[in-house]
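This report concerns only the one structure given below.
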Amino acid sequence: MKLKFIVPWLMLSFFAFAEDPPLSPQIQGEVRFVSGGIGYREREAMQVMRADYNLLLLFAEKGTGNYLSDVQVVVKDQSGHTVMETVADGPMLFAKLSPGHYSVEADHNGHSIAKIVNVGSQRQTSLSFAWPAQPGDQSDR
């Protein structure tokens, strides 16, 4: 008889724990950053936080519309010192950098793309990184 009360409670408990954890910014030295954007909730959360960052990165696969995660990102200042190094948890990575010139290197599956960027304090700079589709990806089917 009590089973009819336990089953709904268990189902509600499962859904409460199945929710996406909130995105939390990280800090390395003087750089604050956040990455994510997998799923609707994370994309919405990233868009809400977007205004707090001055460097916006996006990772995708050329010609497929597929976004990428697990991208190794290294940001170096103009002196060549690494100011941030991380693996992106989703297709978007937002960083708050001091104004200046930086090199941004993004690596996905051993294929690196490097770009130079000038980051200002009062404006946002966006960079997109796109890699060719890998043989055997779902986009080839």
Side-chain angles (χ1 to χ4, degrees), residues 2-141:
K2 293 183 182 189
L3 188 59
K4 68 181 180 181
F5 296 110
I6 294 174
V7 171
W9 179 80
L10 286 173
M11 290 180 67
L12 286 173
S13 297
F14 172 75
F15 289 120
F17 288 109
E19 287 186 25
D20 296 330
L23 297 172
S24 55
Q26 301 175 46
I27 297 175
Q28 285 184 16
E30 296 180 15
V31 178
R32 182 171 43 101
F33 66 95
V34 64
S35 67
I38 296 176
Y40 177 76
R41 286 185 182 170
E42 276 194 18
R43 282 192 307 272
E44 289 295 313
M46 292 292 290
Q47 292 306 321
V48 168
M49 293 187 275
R50 178 185 181 118
D52 296 333
Y53 299 91
N54 58 0
L55 179 63
L56 313 173
L57 306 179
L58 181 67
F59 312 112
E61 194 174 65
K62 283 183 186 175
T64 66
N66 294 330
Y67 291 106
L68 301 172
S69 60
D70 299 324
V71 175
Q72 174 76 33
V73 178
V74 178
V75 178
K76 295 182 179 182
D77 64 16
Q78 62 189 9
S79 300
H81 297 103
T82 299
V83 296
M84 185 186 82
E85 185 170 1
T86 190
V87 176
D89 293 332
M92 293 183 267
L93 187 148
F94 301 161
K96 178 70 173 174
L97 301 170
S98 299
H101 296 284
Y102 296 90
S103 66
V104 180
E105 184 176 345
D107 184 283
H108 181 68
N109 289 336
H111 300 281
S112 292
I113 300 172
K115 296 186 178 190
I116 303 297
V117 64
N118 182 26
V119 176
S121 60
Q122 300 298 318
R123 64 178 167 78
Q124 291 180 323
T125 302
S126 299
L127 293 177
S128 294
F129 293 84
W131 288 265
Q134 298 293 313
D137 282 351
Q138 288 183 347
S139 58
D140 292 344
R141 294 182 191 160

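Index from 1, following the sequence.
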Would you find a donor on one side and an acceptor on the other, under 3.5 Å apart, between the side chain of Gln28 and the backbone of Thr86?
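The answer is no, because no donor-acceptor pair under 3.5 Å joins these two groups.
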
Any donor-acceptor pair under 3.5 Å linking the side chain of Lys115 with the backbone of Ala106?
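Such a contact is absent between Lys115 side chain and Ala106 backbone.
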
Minimum heavy-atom distance [X]-[Y], with the two atoms named:
X     : Y      : value
Glu42 : Ile38  : OE1-N, 3.0 Å
Ala95 : Met84  : CB-SD, 4.3 Å
Asn54 : Gly120 : ND2-O, 3.1 Å

Could you note down all residue pairs passing ring pair (Phe, Tyr, Trp, His ring centres under 6.0 Å) where residues 54-92 supplies at least one of them, sequence neighbours left out?
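Pairs touching residues 54-92 that pass the test: Phe59-Phe129.
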
Pairs involving residues 97-120, ordered by first then second residue, that meet ring pair (Phe, Tyr, Trp, His ring centres under 6.0 Å) (sequence neighbours left out):
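Listed by first then second residue: His108-Trp131.
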
Rounded distance [0.5 Å steps], OG1 in Thr125 versus CG in Leu56
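Going from the OG1 atom of Thr125 to the CG atom of Leu56 covers 8.0 Å.
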
Using the test side-chain contact (heavy atoms from CB on, under 4.5 Å), find all partners of Val87 that sit at least two apart in sequence or belong to another chain.
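Val87 satisfies side-chain contact (heavy atoms from CB on, under 4.5 Å) with Asp70, Gln72 once adjacent residues are dropped.
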
Among residues at least two apart in sequence or on other chains, which ones pass side-chain contact (heavy atoms from CB on, under 4.5 Å) with Arg43?
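Arg43 satisfies side-chain contact (heavy atoms from CB on, under 4.5 Å) with Tyr40, Met92 once adjacent residues are dropped.
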
Side chain to side chain donor-acceptor pair (under 3.5 Å) between Thr64 and Glu61, worked out:
CA-CA 6 Å; Thr64 66; Glu61 194 174 65; 3.1 Å; yes

Could you pull out every donor-acceptor pair under 3.5 Å between side chains of residues 29-37 and any protein atom, sequence neighbours left out?
unit_1, atom_1, unit_2, atom_2, d
Arg32, NH1, Tyr53, OH, 3.3
Ser35, OG, Asp89, N, 2.9

Do Met46 and Pro91 make a side-chain contact, defined as non-hydrogen atoms from C-beta onward lying under 4.5 Å apart?
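The answer is no, as the side chains (C-beta and beyond) never meet within the 4.5 Å cut-off.
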
Name the residue from Ile116, Leu55, Leu93, Val74 that meets the side-chain contact (heavy atoms from CB on, under 4.5 Å) definition with Val104.
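Between Val104 and the candidates, side-chain contact (heavy atoms from CB on, under 4.5 Å) is satisfied uniquely by Leu55.
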
Can you name the residues that form a side-chain hydrogen bond (donor to acceptor under 3.5 Å, both in side chains) with Ser112, not counting sequence neighbours?
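Scan of Ser112 (side-chain hydrogen bond (donor to acceptor under 3.5 Å, both in side chains), adjacent residues dropped) gives Glu105, Asp107.
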
side-chain contact (heavy atoms from CB on, under 4.5 Å) between Lys96 and Asp52, intermediate numbers included
CA-CA 7 Å; Lys96 178 70 173 174; Asp52 296 333; over 6 Å; no

